[in-house]
Amino acid sequence: MIERAQAIAALSENEFDVVVVGGGITGAGVALDAATRGFSVALVERSDYAAGTSSRSSKLVHGGLRYLQNFDLSLVREALLERQLLVALAPHLVRPLPLIVPAFDGARPDRLMGVGLNLYDAMSLDRERLRSRRGESESWSPERHRVIAGEEVLELLPALTARAPTSGYLFYDCQTDDVRLVLTVLGEAERFGAVCANRVQALSVIERDGRACGVRVCDGLDGDELEVRAANVVNATGVWADRLGAPASASAEGDSPPGSSADANDGSELGGGRVPIIRPSRGTHILLRHEDLPLIGGAIVPAGSGRTIFALPWLGRTLIGTTDRDYEGELEHVHSSAQDIDYLLAAINEFFGAAFAPRDLVGAFAGVRPLISSGDPKKSVDISRRAELYEAESGMLTITGGKLTTFRRMAKLTVDRLVARDARDAPCHTHEIPLGQGITADELPRVEGVPETSYAALAGRYGYAAREVLALVGEGSPVHPELAQPIVAGLPDLLAEVALAARREQALTVGDVLLRRTRLGLLAARELGGVGNPIDRVAGVLARELGWDDARTELEVERFAVESEAEGNCPGGDSPEGPDVEDARPDGVRPDGVRPV
Ligand SMILES: Cc1cc2nc3c(=O)[nH]c(=O)nc-3n(C[C@H](O)[C@H](O)[C@H](O)COP(=O)(O)OP(=O)(O)OC[C@H]3O[C@@H](n4cnc5c(N)ncnc54)[C@H](O)[C@@H]3O)c2cc1C
């Protein structure tokens with residue numbers, strides 16, 4: 001990505017066709033789609049890219065077997081087709097994952113589940129694509145589900161050894177790193193000319209003659225306000241979608257519009273027309289060491305009252321989730337819920353015959369779904385995950401709801417509307433635009449000092465761009481050979497990735513690196529303040545890259561401790577050490593680097 005300072009300059013100097021507010025997967029998708037159809041695009045993200053819901057998903061690119069229960073058939077079908085497309089567009093990032101529904105004590109696998117899986121198989125067939133691709137190189141297509149014997153269940157779910165499963169259903173979905181998907185889509189959008197900046201908060205929508213014509217924004221780093229002028233405004237703020245500031249009148253002279261900061265920032269006003277009412281629902285996930293609960297494939301785990309949760313292998317750990325409860329707390333730092341952690345632990349302890357407690361977890365995180373309220377008092381689990389596009393009287397488009405899996409469709413829906421409004425002839429191309437460039441670990445050059453286990457992780461995270469990470473190790477004068485070392489001993493993420501994150505991915509804080517560019521803040525939350533002090537090492541590299549002095553570096557380490565605490569990443573205590581929340585905010589900047597306005 002271009003440097004943030006360059007992006008800010010471009011935002012203030014140019015007039016765009018479209019400004020997208022929100023740098024989660026939805027905003028990233030809209031930016032890419034619009035840029036590839038010839039629109040000039042700006043994207044602003046108030047916090048860090050993917051810091052909202054898009055870093056807190058279950059990491060599945062899937063149809064959602066569960067939604068069949070609600071007869072949300074068209075949603076499942078759409079998501080299954082997107083799943084297949086995303087594996088083709090980003091094979092290094094979106095990978096097939098076997099999932100197993102085990103049966104015990106000689107029982108046959110549940111018949112009803114078999115019926116559902118038959119439907120899932122049938123719905124995932126894309127006859128159109130199969131026909132048009134005949135003769136081309138073979139793309140991934142999931143095998144039909146099948147019944148497997150107990151031994152095969154154990155090969156895929158070694159953690160079930162004590163329970164001796166007798167058989168099970170095997171089917172396939174796909175898995176990703178949600179943040180990396182967002183960053184990759186943003187990178188592609190930039191390749192097509194989009195200008196993206198994080199730590200830029202939209203305060204209000206600017207209107208001229210009743211039409212939205214840009215957004216007034218605040219640069220979260222220096223507190224400066226500026227106008228981003230654009231013929232179209234797209235609100236892709238997820239769970240904040242009903243909070244984008246009230247429209248303010250534009251003044252040709254560029255005067256500050258009335259109510260553009262404090263008023264617009266109180267989160268209570270709607271965007272002057274049709275915007276959805278969001279009903280947030282919190283989902284918590286927990287992580288265990290792979291050695292403690294070893295899984296090769298994912299397991300569908302019963303969790304009482306007909307609900308199920310997933311236990312999944314993810315980036316060398318075991319990821320368990322999720323829960324689904326209405327949520328009324330603050331949205332900035334959603335804390336993993338102790339009640340939900342107990343619920344998840346109870347379900348896996350019973351299923352795997354284990355006795356895990358919160359202190360056994362390596363990390364935890366929570367996120368809120370941007371569910372659209374239909375006004376009826378349905379439970380959040382029963383509310384559709386369908387996306388909705390709203391058009392305000394001012395012309396501002398709001399796109400929200402939906403799933404990570406269906407972001408491309410959501411973007412298409414939005415940009416189709418822009419195209420129709422402008423009467424352009426500009427069909428969508430994102431179904432054929434690769435997301436990054438795949439590479440295998442074997443194709444990467446070997447660099448002295450880099451552990452062999454890191455190459456596969458680098459290839460999976462960056463694809464071809466992993467070469468840039470490796471190039472940083474031998475670069476500079478003096479060279480910094482420590483960049484070849486892992487951030488946390490025994491895990492594959494390298495210190496060189498910290499440098500890359502600062503240079504190429506607009507990472508500005510320790511949290512940006514540990515929670516989102518790498519996922520160590522979740523995968524090794526407890527180890528970060530321990531042996532070798534990984535937090536200090538990350539801060540040290542960032543200090544060199546971003547020019548921090550000692551006092552600033554110390555402050556940034558403290559801020560990360562506050563952020564991790566606020567997110568509940570270390571359930572059962574042992575957070576990375578840090579001072580009180582207030583102590584870490586001497587300049588009023590929040591732990592994630594956002595300056596309150
Ligand atoms: C627990 C859980 C599990 C899930 N699991 C899956 C799954 O396995 N598979 C799947 O397909 N989907 C899953 N989802 C759904 C999926 O994660 C979401 O649908 C998706 O991430 C929403 O993306 P978004 O871009 O719309 O919202 P977000 O990612 O929240 O992005 C909105 C962005 O807007 C920014 N923003 C807000 N206000 C402003 C402003 N004024 N100015 C500038 N920026 C602003 C925010 O900081 C945020 O980054 C899950 C969701 C949850 C909560």
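In what follows, residues are counted from 1 in the order of the sequence shown. As the structure lists them, so they are numbered: ligands from 1, and atoms in each ligand from 1.
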Run the numbers for me: atoms of ligand 1, each under 4.0 Å from some heavy atom of [X], listed by number.
{"X": "K59", "answer": "8 (O)"}
{"X": "G402", "answer": "19 (O)"}
{"X": "Q201", "answer": "41 (N), 42 (N)"}
{"X": "T322", "answer": "1 (C)"}
{"X": "G52", "answer": "29 (O), 30 (O), 49 (O)"}
{"X": "G238", "answer": "26 (O), 27 (O), 32 (C)"}
{"X": "G22", "answer": "33 (C), 34 (O), 35 (C), 44 (N)"}
{"X": "V44", "answer": "43 (C), 44 (N)"}

Would you say [Y] and [X] are linked by a side-chain donor-acceptor pair, where the criterion is simply a distance under 3.5 Å?
{"X": "K403", "Y": "H62", "value": "yes"}
{"X": "S281", "Y": "R369", "value": "yes"}
{"X": "Y120", "Y": "D173", "value": "yes"}
{"X": "R46", "Y": "T237", "value": "no"}

At under 4.0 Å between heavy atoms, which part of [X] makes contact with ligand 1: side chain, backbone, both or neither?
{"X": "V368", "answer": "backbone"}
{"X": "V200", "answer": "backbone"}
{"X": "R282", "answer": "neither"}
{"X": "S281", "answer": "neither"}

Checklist entry - Within a radius of less than 6.0 Å around CD of E330, do more than 12 heavy atoms belonging to other residues, nucleotides or ligands occur? => result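 Buried by this count: over 12 neighbours within 6.0 Å.
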
Next on the checklist: Taking the basic N atoms (NZ, or NE/NH1/NH2) and the acidic carboxylate oxygens, is any pair closer than 4.0 Å for D222 and R199?
Outcome noted: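 Here D222 does not pair with R199 in a salt bridge, since their nearest N and O are not under 4.0 Å apart.
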
Checklist entry - Should the pair E78-R408 be classified as a salt bridge under the 4.0 Å nitrogen-to-oxygen rule? => result no

Does [X] reach ligand 1 with a nitrogen or oxygen that is under 3.5 Å from one of the ligand's nitrogen or oxygen atoms?
{"X": "L404", "answer": "yes"}
{"X": "W240", "answer": "no"}
{"X": "V61", "answer": "no"}
{"X": "A202", "answer": "yes"}

Checklist entry - I25: heavy atom below 4.0 Å from ligand 1, yes or no? => result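 The answer is yes: ligand 1 sits under 4.0 Å from a heavy atom of I25.
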
Checklist entry - Quick one: does H285 get a heavy atom under 4.0 Å from ligand 1? => result yes

Which is closest to [atom] in terms of heavy atoms, [options]?
{"atom": "atom 14 (N) of ligand 1", "options": "S57, S55, G24, C218", "value": "S57"}
{"atom": "atom 23 (O) of ligand 1", "options": "S204, A366, S54", "value": "S54"}
{"atom": "atom 47 (O) of ligand 1", "options": "R369, E332, E45", "value": "E45"}
{"atom": "atom 2 (C) of ligand 1", "options": "R199, R56, R46", "value": "R56"}

Within a strict 4.5 Å, meaning less than it, do heavy atoms of the [X] and [Y] side chains meet?
{"X": "L522", "Y": "L515", "answer": "yes"}
{"X": "R4", "Y": "L508", "answer": "yes"}
{"X": "V30", "Y": "V41", "answer": "no"}
{"X": "P142", "Y": "F171", "answer": "no"}

Checklist entry - Looking at L371, L331, V334, which one forms a side chain to side chain contact (heavy atoms under 4.5 Å, CB included) with V239? => result L331

Item to check | Cation-aromatic face contact R307/Y343, 6.0 Å, 45 degrees | outcome: no

